[in-house]
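The first residue of the sequence shown is numbered 1, and numbering continues consecutively from there. This structure is a prediction, so every number in the text was calculated from the model and none was measured.
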Amino acid sequence: MTYKELSYFTHDELSNLTYGEMSMPLNELLDKLVDENRPVPIMFYQKLCDLCDEINNGKVKLKEPVIYSETNIIINKPKNKAIDFFEKIALIYTLIEGIEYLQEKFSEIWDWISSRL
């Protein structure tokens, strides 16, 4: 971001970014935040989006700064709940198979010990 773009944000808002991220173009920064699924305050994210009024050939046309009230709301990239659900079902199935295997082996060990007594 340029100095002019950085001047639209408070110190607290900029503390959400690293120095490397502050030097990135706005459109790349927005893409990075979404791709990393990193939680950022929603008003900070909205200000970034508002600055990216129009992107042409990597150049950003700036709007006038908008004053936002501070908020603690956090925005995250939505997760695919179906994938999480199926991963958990697969894990449960694997655990059940493991328990059945251990039960079979303990039964064999118990039978062997019982035959020796």
Validation row: Y19, L14 side chains within 4.5 angstrom (heavy atoms)
no
hydrophobic_cluster_shared for W110 and L117, side chain cutoff 4.5 Å
no
In chain order, what residues pass the salt bridge (Lys or Arg N to Asp or Glu O under 4.0 Å) check against E97, with sequence neighbours excluded?
none
Please set out all donor-acceptor pairs under 3.5 angstrom arising from side-chain atoms of residues 98-106, sequence neighbours excluded.
none

Kindly compute the distance separating CD1 (I109) from OG (S114), expressed to the nearest 0.5 Å.
11.5 Å
For F9 against K47, the heavy-atom pair lying closest together
CE2-CB, 3.6 Å
dist F44:CZ -> S15:OG (nearest 0.5 Å) comes out at 8.5 Å
Under-4.0 Å salt bridge between K32 and E28:
no
Where is the tightest heavy-atom contact between N16 and E21, given as atom of each residue plus distance?
O-OE1, 4.2 Å
